[in-house]
2 protein chains.
Amino acid sequence: MRIGELSRRTGVPVPTIKYYLREGLLPPGELSSPNQASYDDRHVHRLKLVRALVDVGELSIAAAKDVLAAIDSPGLPVHSMLGRAQRAVITSRAGTDDESRESARREVADLFDRHGWAIKEHSTSRQALVELLATLRSLGHDDFIDLLDDYAAAAATLATAEIDWISQDTTSDVMVERAIVGTVLGDSLMITLRRLAQEHESATRFLDGSPQPDRVSGPDGP
Amino acid sequence: MRIGELSRRTGVPVPTIKYYLREGLLPPGELSSPNQASYDDRHVHRLKLVRALVDVGELSIAAAKDVLAAIDSPGLPVHSMLGRAQRAVITSRAGTDDESRESARREVADLFDRHGWAIKEHSTSRQALVELLATLRSLGHDDFIDLLDDYAAAAATLATAEIDWISQDTTSDVMVERAIVGTVLGDSLMITLRRLAQEHESATRFLDGSPQPDRVSGPDGP
DNA sequence: GGGTATGGATAGGATAACTATCCGACAGTG
DNA sequence: CACTGTCGGATAGTTATCCTATCCATACCC
């Protein structure tokens, strides 16, 4: 198929496909003549994947390119794959002062001890967590940290289930794509469900027993 | 204090503070003369909050402005507050075709039944979830949906804990800020922990038993 | 063989989030 | 009270990201 049909089958405009080709998100089609290329079903799937990562997973084009590059390197072990997918998603930041960060660092270490997590000190996610706790503290919401163990326990359960899922199919290609999809879209899924659960819980808690004033709206009101 | 000290105390550059003032994220200081304003601790806190929402919570300036506006409207009930915080975070999208979306819609309805969630059909998050499942399906990863109940159960637990936390302090102002901080930073927290749990789980699963080839790296390797 | 589509290159546009510059007005120092 | 540095407010410029638009020589299709 040529670029027009690729566009029709995926809903992605032709100029955008060209852009993705330029950026290396999408491998070039097979050239039948110097200026005539043909694409196949793999391109269709890849393009859908790109849109999923970018639209649903909210990756930047550059980050998407990174993870996709991992898909293309054959035989990469799943653990490093996961890592690569993770690094693509993480946007590092640092904004708090050293004092609050120091105590946050200890809290994180304790948390990992309690849950038996062996995470390297320089892990990007670990630093992100430290920064997050320091931020909460500097805002005066240190007690949110009481919920930390609940969050961590939930995260552990999900991680186990997800890695089970990744391991279900032992084909390397499939595992790699699952690792990516699971990491990236799994984030979105978790967030969306958390929001829905909040919506339900807050409705039953704050609305059911005690009806609210007139023009009050719930999570999706005006 | 004047703008320079505000900047020093928060680490935010003066021009950026001016920008936030222009955009209405930060209320103007009190004018002592036509061109001399003074700021106080409330400005310091607000500015920290802005940076937390923008840097850690990854809200856009416009979205941050929205949630902050909610903080400023007095006496807003918590349920609507939560909703407002949520809408600021959600970036709506639509990309899948109608057929896969239709079956996704049913799956979502079933899920909500199983968990006893009463969520309105037009809820933004609900639509986001439908879109997400449809995307997974179109990528050929429908079986990821088997994990849905685990995710939902985890989300429910967390939502309960979080709304308990919000309700701990009955001062309206505090509840409102907690709803926002909990929603926005809670997202980041959950994602970060999920990643850490994955890192741990994948390390114990894929590395411990079977050492990998030489130059292989974990989630934070080169 | 003539209109339409294609591939590849290059340029242009939209938006977001700052950042820089200016200028006239203070403010603190001595 | 002069002087040096900072301030508030306005306006313009910058950078990055993610596309769109336009060209043009070729190729496909009827």
Side-chain angles (χ1 to χ4, degrees), chain A residues 1-40 43-44 47 49-68 88-89 91-95, chain B residues 1-40 43-44 47 49-68 88-89 91-95:
Chain A
M1 92 192 64
R2 297 191 297 167
I3 204 170
E5 191 178 345
L6 185 54
S7 167
R8 240 168 293 117
R9 285 224 242 164
T10 55
V12 180
V14 171
T16 305
I17 297 179
K18 287 185 175 184
Y19 169 63
Y20 291 160
L21 284 166
R22 278 201 303 281
E23 295 299 311
L25 299 186
L26 203 58
E30 182 140 0
L31 287 175
S32 60
S33 78
N35 62 346
Q36 207 62 208
S38 79
Y39 307 91
D40 58 23
H43 288 92
V44 174
L47 194 46
L49 183 57
V50 169
R51 289 314 274 234
L53 296 179
V54 170
D55 290 350
V56 182
E58 310 209 287
L59 292 197
S60 69
I61 297 294
K65 182 180 174 176
D66 263 23
V67 259
L68 291 169
V89 175
T91 55
S92 84
R93 63 234 160 190
Chain B
M1 90 192 66
R2 297 190 297 168
I3 204 170
E5 192 178 345
L6 186 55
S7 166
R8 241 168 291 118
R9 285 223 242 163
T10 54
V12 180
V14 172
T16 305
I17 297 179
K18 288 185 176 183
Y19 169 63
Y20 291 161
L21 284 166
R22 280 201 302 282
E23 294 298 310
L25 298 187
L26 204 58
E30 182 139 359
L31 287 175
S32 60
S33 77
N35 62 344
Q36 209 61 207
S38 79
Y39 307 90
D40 59 23
H43 288 93
V44 174
L47 193 46
L49 183 57
V50 169
R51 289 314 276 237
L53 296 178
V54 169
D55 290 351
V56 182
E58 309 210 286
L59 292 196
S60 68
I61 297 294
K65 182 180 173 176
D66 262 24
V67 258
L68 291 169
V89 175
T91 55
S92 84
R93 62 235 162 192

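The sequence lines fix the lettering, A, B, ..., with proteins before strands; numbering per chain opens at 1.
Shown here for Leu21(B) and Tyr39(B), the closest heavy-atom pair between the two residues is CD1-OH, 3.6 Å.
In the region residues 8-24 of chain B, proximity to DNA chain C at under 4.0 angstrom, judged on heavy atoms, holds for Pro15(B), Thr16(B), Tyr19(B), Tyr20(B), Arg22(B).
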For the pair Val12(A) and Val50(A), evaluate side chain to side chain contact (heavy atoms under 4.5 Å, CB included) and give the outcome as yes or no after the intermediate values. CA-CA 10 Å; Val12(A) 180; Val50(A) 169; over 6 Å; no
Please step through side chain to side chain contact (heavy atoms under 4.5 Å, CB included) for the pair Arg51(A) and Thr16(A), ending with a clear verdict. CA-CA 11 Å; Arg51(A) 289 314 274 234; Thr16(A) 305; 3.6 Å; yes
Show your working on side chain to side chain contact (heavy atoms under 4.5 Å, CB included) between Met1(B) and Val44(B) and close with a plain yes or no. CA-CA 10 Å; Met1(B) 90 192 66; Val44(B) 174; 3.9 Å; yes
Where do Tyr19(A) and Ile61(A) land on the side chain to side chain contact (heavy atoms under 4.5 Å, CB included) test, with the steps shown first? CA-CA 10 Å; Tyr19(A) 169 63; Ile61(A) 297 294; 4.1 Å; yes
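A straight line from CD1 of Ile3(B) to P of dA10(D) spans 13 Å, rounded to a whole angstrom. When rounded to the nearest whole Å, the span between CG of Leu47(B) and P of dC18(C) equals 11 Å. One atom, CG of Leu25(A), and another, P of dT17(D), lie 13 Å apart when rounded to the nearest Å. Rounded to an integer number of Å, the gap from Leu59(B) CG to dA17(C) P is 10 Å. Whole-Å rounding puts the Glu58(A) CD to dC18(D) P distance at 12 Å. At whole-Å resolution of the value, CG in Leu6(B) and C1' in dT6(D) are 15 Å apart. Look at CD on Glu5(B): it is 12 Å from P on dG8(D), rounded to the nearest Å.
The side-chain heavy atoms of Leu31(B) and Ser33(B), taken from C-beta on, include no pair separated by under 4.5 Å. Looking at heavy atoms from C-beta onward, Glu58(A) lies out of side-chain contact with Glu58(B) at the 4.5 angstrom threshold.
The neighbour count for Glu30(B) CD, taken as heavy atoms of other residues, nucleotides or ligands under 6.0 Å away, does not exceed 12.
With values rounded to the nearest 0.5 angstrom, Leu59(B) atom CG is found 14.5 Å from Lys65(B) atom NZ.
Checking dC18(C), dG8(D), dG7(C) against every side-chain atom of Leu31(A), the shortest atom distance belongs to dG7(C).
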Check nucleotides 25-29 of chain C for protein N or O atoms closer than 3.5 Å to its own N or O atoms and list the pairs.
| unit_1 | atom_1 | unit_2 | atom_2 | d |
| --- | --- | --- | --- | --- |
| dA25(C) | O4' | Asn35(B) | ND2 | 2.9 |
| dA25(C) | O3' | Asn35(B) | OD1 | 3.1 |
| dA25(C) | O3' | Asn35(B) | ND2 | 3.2 |
| dC26(C) | OP1 | Ser33(B) | OG | 3.4 |
| dC26(C) | OP1 | Asn35(B) | OD1 | 2.9 |

